[in-house]
Each structure stands twice: as C-alpha cells, then as structure tokens.
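If you're wondering where the values come from, they're calculated on a predicted model, not measured in any experiment. Every chain is numbered from 1, with letters handed out A, B, ... down the list of sequences.
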Number of protein chains: 2
Amino acid sequence: MPKRRILPYVLLGLINNKGKLSGYQISQEFKNEVGEFWHASHSQIYPELARMKTDGWLTDEDDGKSTYYLITKLGQSTLRAWLAEPLNDDNLFSLKLYFIRDQKDPLMEHLLTQELAINQDKYAHLKKRLETVFFNEAQINENYGHYLILTRAIEREKNHIAWLQNNLKGLV
Amino acid sequence: MPKRRILPYVLLGLINNKGKLSGYQISQEFKNEVGEFWHASHSQIYPELARMKTDGWLTDEDDGKSTYYLITKLGQSTLRAWLAEPLNDDNLFSLKLYFIRDQKDPLMEHLLTQELAINQDKYAHLKKRLETVFFNEAQINENYGHYLILTRAIEREKNHIAWLQNNLKGLV
DNA sequence: TCACCCATGTAAGGCGTTACATGATTGC
DNA sequence: GCAATCATGTAACGCCTTACATGGGTGA
C-alpha cells in the first residue's frame, strides 16, 4: 500500500465537523480525541490550508484576528470520497469514523463492515502464527515476550471483532 | 516527547533474538510479528547495519553469499539500556516486549508496570472526556462517530489494563 | 528462458519535526 | 510590566519511502 497523503482530509474532516476553524483552532483540536489518531503541527497546518484554498476545497473568512476556513461543496465531496475509499492496512478506521457524524450515514455501516473483514483476516492470521511459532512449551519459555504480544494481539482482535459485530447489529 | 530514532534498537533486538541475521533476513522479519509494530525497507536497513558496525554495536561475518551481523557486548548493553528507558507515549510497549525473551527478566515486570501506569492515566482521561463531551443524548446523536471511537477507546484501555494486571500477578 | 526470489546497494523526494521569527492580547 | 496564550509564518533537517540499479540462483 503506497503511503498516501492524509493531512488534507483530516483538515477537511475537522472543518466539516465544526463548521469553521482557524489554523490555530485546528492545532488545538489535535490535543483532544483526534490527537489519538492523527497529529500535525502548525507549521504544516497553515501552508496546507492555503493550498487547499487554492484547490477550491476551502474558502476563508477573516475577522481581523484570525482567518477562519470553511469547507466548500467540492471540499465536502472530496471528504466523502476519501471516507468511502477502501480501508487498507493503514489504520484509518478510527480516524475516519470520527468524521462521520450521523448514525444513519451509509458510510457508517460501510466502514464498520470493512473493518470487520480486515480484522477477521488479521485474527485468523495471528492464530495461525501462534500455532506455527509456539508449538510447544519450550518455544514459549524461550520467547516469552513474543508469546505475550502475540496472545495479546489475538485477544485484542477478538474484542474488536465482537465490538464491530455488536455495533453493526445496532445499526439495523 | 521528541521523536527518537528507533530503527537501530529494533535491529539490535532482532539480531539479539536470532543470534545472527543478514540484511535480507531482517527485511523478511518485518513481514512477521515485528511488522505489526515496526517496519523498515531494505534501503534503510543496509546502511544502518553498516553504521552500527562502525559504532561497535555489531560485528559481521561473510559466507560469500550473505553478510551476517552479530551483536557485540556493547550492542547488548545498548539494547538493554534502550529497553529500560521509560515508556513515553510513543507506543513502544509491544515492540520492546517482543525483545524480552525470559519471563524472569526484571525488564519484563518493569515494562508491564510502566505500561499499566500509562494506561490507567489514559483510561481516566478518556472517561473524563466522555463525560465532558457527551453530557446528553443530543451530543451523542450529533457526533455519533466520535462517540463510538471514544467509547471504543475506553473499552480497549479497560481490557488492556485487565490483561496487564493479570500478567503482572502471573509473574510473582 | 523467463519469472521469481535471494541479496545488496544508491538517489530523489515527501512528510513531518524542531527551531527560528514576529507581533498582539490577556491575566497576574 | 511580564508571562502566557493567541495567531501565523518560514527554514533546516531527518526519517522513511519509492524508484533506480545490479547480479546470482532456481524452478517451471
């Protein structure tokens, strides 16, 4: 999976969620929940906002103290196209979910379904690795840390899958 | 937290675990479990190994087909110093744990204890955020994705904390 | 013989960080 | 008055990725 550029979409998402934001406000946003999944410093944010305005994804509004950015129609469709893109292994699930505000938004189910498939694969893969690598007690004792993180990863996937299935049921 | 350079320590850890590895073998290692927590391409690995040899962390051994690297005493102490460093918020818990082979290694308990403290803080912080941001039904319905990832994050921390506590008990 | 894996290397470029800068406003 | 926060910007630099290169071995 080629490394894709994420920051502009994150900015779109944030601005879309809040209506309008200044560069400074965006940098503050990263101190809250979004910061768990993405971060950017102001030295990235300001030039990026300018570029996105040039591209017609944003417009701005200056009150003399701050420049606030608002999302355009083009920006909105760009954001939704990005949210609809298939999830790779790039761990964008939580980040994208953060930007979906309405429970009935079809993108919500779309995202959960994709993530479920990915995690079921991962789970199967990890279980197979466990069997392959730790086929007896000696292997476990000689690589205990490895054993721990593998069993932990399996547990984590299991919980995540259960949560996804639960929430998918809840959407119907 | 200043971004620190991790790759050399990962290479030390891998070589220490396996006894000796070639650059190519290391790049293959990243396709397995370590790859969950760290990755490097061969264009990084080869020069880095050369640098580490210059620094006296590794020695090499050539069989005509491949160059194998072995860890030196200095390399071992460097690795252990890195493993003992306090965990920041840089998510190195699983990676470091992978490199600890012996259940009775004091670093094992050290790591688990640190991670537990970090996650208890995170858990408390997330619960407070939930109360602050989602104080009524309207907030939830208007930002459902945000609500989902926040409650999910809380669940995840809870499970992780329980697992850590369990394993810490098991070590005694 | 042709594709694929083994095996190692250099070069260009992008993303993101820290550091360097500047100035206004607000609270103690 | 002085520190902290608001607010925005540029510059240097490092890590990592992709792309470019090269060559030997092996199985269909």
Quiz item: Can you find a side-chain donor-acceptor pair between D62(B) and T67(B) that sits under 3.5 Å?
Solution: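 The criterion, which ignores hydrogens and geometry beyond distance, is satisfied for T67(B) and D62(B).
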
Quiz item: Is it true that the side chains of N159(B) and W163(B) contain a donor and an acceptor less than 3.5 Å apart?
Solution: no

Nearest-Å distance for atom pair [atom1]/[atom2], residues [X] and [N]:
X: I6(B); N: dG16(C); atom1: CD1; atom2: C1'; result: 15 Å
X: Y24(A); N: dT5(D); atom1: OH; atom2: P; result: 8 Å
X: W38(B); N: dC16(D); atom1: CH2; atom2: C1'; result: 10 Å
X: H39(B); N: dC16(D); atom1: NE2; atom2: P; result: 11 Å
X: I26(A); N: dC6(D); atom1: CD1; atom2: C1'; result: 15 Å
X: F30(B); N: dA7(C); atom1: CZ; atom2: C1'; result: 17 Å
X: K31(A); N: dA7(D); atom1: NZ; atom2: C1'; result: 12 Å
X: L11(B); N: dT8(C); atom1: CG; atom2: P; result: 13 Å

Exercise. Tell me whether the centres of the aromatic rings in F30(B) and H42(B) are closer together than 6.0 Å.
Key: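 Between F30(B) and H42(B), the centre distance exceeds or equals 6.0 Å.
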
Under 4.0 Å between a Lys/Arg side-chain N and an Asp/Glu carboxylate O for [X] and [Y]?
X: R101(A); Y: E142(B); answer: no
X: R152(A); Y: E155(A); answer: no
X: D105(A); Y: R80(A); answer: yes

Practice problem: Please work out which of the three classes, parallel, tilted or perpendicular, describes the rings of F99(A) and W82(A), given edges at 30° and 60°. | Solution: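 Tilted.
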
Self-check item: Mutual orientation of the aromatic rings belonging to Y9(A) and W57(A) [parallel < 30°, tilted 30-60°, perpendicular > 60°]
Solution: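 Y9(A) and W57(A): tilted rings.
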
Quiz item: Going by heavy atoms closer than 4.0 Å, what residues in residues 62-70 of chain B are next to DNA chain C?
Solution: K65(B), S66(B), T67(B)

Exercise. For DNA chain D, determine which residues of residues 41-54 of chain B have any heavy atom closer than 4.0 angstrom to one of its atoms, and list them numerically.
Key: S41(B), S43(B), Q44(B)

Quiz item: Can you get from M52(A) to Y24(A) by hopping between Ile, Leu, Val, Met, Phe, Trp and Tyr side chains that sit under 4.5 Å apart?
Solution: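 No.
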
Quiz item: Between R5(B) and dG14(D), does any side-chain N or O lie under 4.0 Å from OP1 or OP2?
Solution: no

